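Below you'll find the structure, written out as structure tokens, and then a few comments.
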2 protein chains.
Amino acid sequence: LTNFDLSSIPVKRDMIEAEKVAHVQLQNPLEHALLVLTKTGYNAVPVLDLNGRFCGIISKSDIVEAMFGIEQIEVDKLYENTVEDVMHSDVPTVSEHDTLEKALHVLIDHSFACVLNQDDEMIGIYTRREILKQFRNEFYE
Amino acid sequence: LTNFDLSSIPVKRDMIEAEKVAHVQLQNPLEHALLVLTKTGYNAVPVLDLNGRFCGIISKSDIVEAMFGIEQIEVDKLYENTVEDVMHSDVPTVSEHDTLEKALHVLIDHSFACVLNQDDEMIGIYTRREILKQFRNEFYE
Ligand SMILES: Nc1ncnc2c1ncn2[C@@H]1O[C@@H]2COP(=O)(O)O[C@H]3[C@@H](O)[C@H](n4cnc5c(N)ncnc54)O[C@@H]3COP(=O)(O)O[C@H]2[C@H]1O
Ligand SMILES: Nc1ncnc2c1ncn2[C@@H]1O[C@@H]2COP(=O)(O)O[C@H]3[C@@H](O)[C@H](n4cnc5c(N)ncnc54)O[C@@H]3COP(=O)(O)O[C@H]2[C@H]1O
């Protein structure tokens, strides 16, 4: 039995703070983005502009698919294209005042959600791992 | 308020059944595995042997990293190496008789878990998306 009220828990409490979030910039070449993703081990990371504002998300898949030419894999495309060319900007985000109730809905279809302040700056991310830990703590601790 | 008893819900009830699970074989060249991952859009899929037995998991990252040579990206490695060369076999799985209680613990650190029968054959996978949907249905429907 539990009376876990997700609408009373702010995402800010348990989000991964911006300083700990790996990210890339709009103008980075894809080769740099692939390096960041490979070194950090993440499949996708946020894309920010020079003011720290959220612009979208770029994934390893986006970059790998950009390498596929008509007949073969074309590595040169990694140097010719930038993050901005292949990222996705129509992704759901949560605001700094949202709660786990909103996060749960977004995380059903997305593995993480960027947390934005009123100036659209990314202040952190909320992940599936984090919300699953909250459920585990609620049910088993 | 909820009396959601995860230990009473079998993973088999909501798992993705084997026929719907994209997978690759031990002996496939990496180039085939990369194609499967790119076409299906998944970041990682199970690896089976010719008898449908679970052998491990292979991810896009494993393949991309295998392409990195000392100085540059070497596409030939995709043809020279097989799934078996780069997959991970020490991954946690759940058994066909396990419940959501066990699945929740595994899914905190892994985005999906293969469901195995007593012969080690993969009969399905249980994903974070599925368990999050169960929580949403419990709390909001
Ligand atoms: N270096 C590492 N160490 C330990 N475990 C690792 C790991 N990299 C990945 N994982 C595990 O794999 C899950 C999926 O990672 P993925 O990179 O696809 O998907 C990640 C990634 O796209 C993003 N993400 C997570 N942490 C991040 C960070 N610090 N910076 C940037 N993006 C992050 O959020 C998604 C969901 O993350 P979540 O933690 O729920 O789920 C993670 C985590 O359980
Ligand atoms: N084609 C698609 N259509 C709609 N949404 C998609 C999608 N591909 C990915 N997603 C979304 O992205 C999440 C992470 O996918 P990923 O491929 O990293 O990680 C996936 C993938 O590695 C594996 N997986 C899921 N379904 C699979 C299937 N039918 N066959 C093989 N592997 C599967 O389980 C992981 C977790 O899946 P989960 O559903 O929890 O979470 C998925 C899902 O919410």
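Model, not experiment: these values are computed from the prediction.
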Fill in: Joint cluster assignment, B/V83 & B/V36, ILVMFWY side-chain distance < 4.5 Å
yes

Worksheet item: Is it the backbone or the side chain of B/L37 that comes under 4.5 Å from a heavy atom of chain A, or both, or neither?
Response: neither

Item to complete: For each of B/D5, B/V75, B/T38, B/L34, tally heavy-atom pairs with chain A at distances under 4.5 Å, and name the one with the top tally.
Response: B/T38

Worksheet item: Atom CG of A/L132 and atom CG of B/L107: how far apart are they, to the nearest 0.5 Å?
Response: 6.5 Å

Item to complete: Count the heavy-atom pairs under 4.5 Å between each of A/R129, A/K133, A/K60, A/H105 and chain B, then report the option with the highest count.
Response: A/R129

Worksheet entry | 4.5 Å side-chain heavy-atom contact, B/R128 and A/S111 | no

Item to complete: Please state whether the side chain, the backbone, both or neither of A/L104 comes within less than 4.5 Å of a heavy atom of chain B.
Response: side chain

Fill in: Portion of A/I63 that has a non-hydrogen atom of chain B nearer than 4.5 angstrom
neither

Discussion item. Counting only non-hydrogen atoms closer than 4.5 Å, does B/E130 touch chain A with its backbone (N, CA, C, O), its side chain (CB onward), both, or neither?
Written reply: neither

Worksheet item: Are B/V45 and B/L48 connected, step by step, through hydrophobic side chains (Ile, Leu, Val, Met, Phe, Trp, Tyr) whose heavy atoms are closer than 4.5 Å?
Response: no

Practice prompt. Sort B/L78 into side chain, backbone, both or neither according to what part of it lies under 4.5 angstrom from a heavy atom of chain A.
Written response: side chain

Worksheet item: Say you draw a straight line from CD1 of B/I131 to CD1 of A/I108; how long is it, rounded to the nearest 0.5 Å?
Response: 12.0 Å

Worksheet item: Looking at B/F135 versus A/F139, is the centre-to-centre ring distance below 6.0 Å?
Response: yes

Item to complete: Measure A/H110 against the heavy atoms of chain B and call it side chain, backbone, both or neither at under 4.5 Å.
Response: neither

Worksheet entry | Within one Ile-Leu-Val-Met-Phe-Trp-Tyr cluster: B/Y126 and B/I16, side-chain cutoff 4.5 Å | no

Fill in: Same apolar cluster: B/V47 and B/V21, side chain cutoff 4.5 Å
no

Worksheet item: If you group Ile, Leu, Val, Met, Phe, Trp and Tyr by side-chain heavy-atom gaps below 4.5 Å, do B/Y140 and A/V11 land in one group?
Response: yes

Worksheet item: Relative to chain B, which segment of A/E101 carries a heavy atom at a distance below 4.5 Å: side chain, backbone, both, or neither?
Response: both

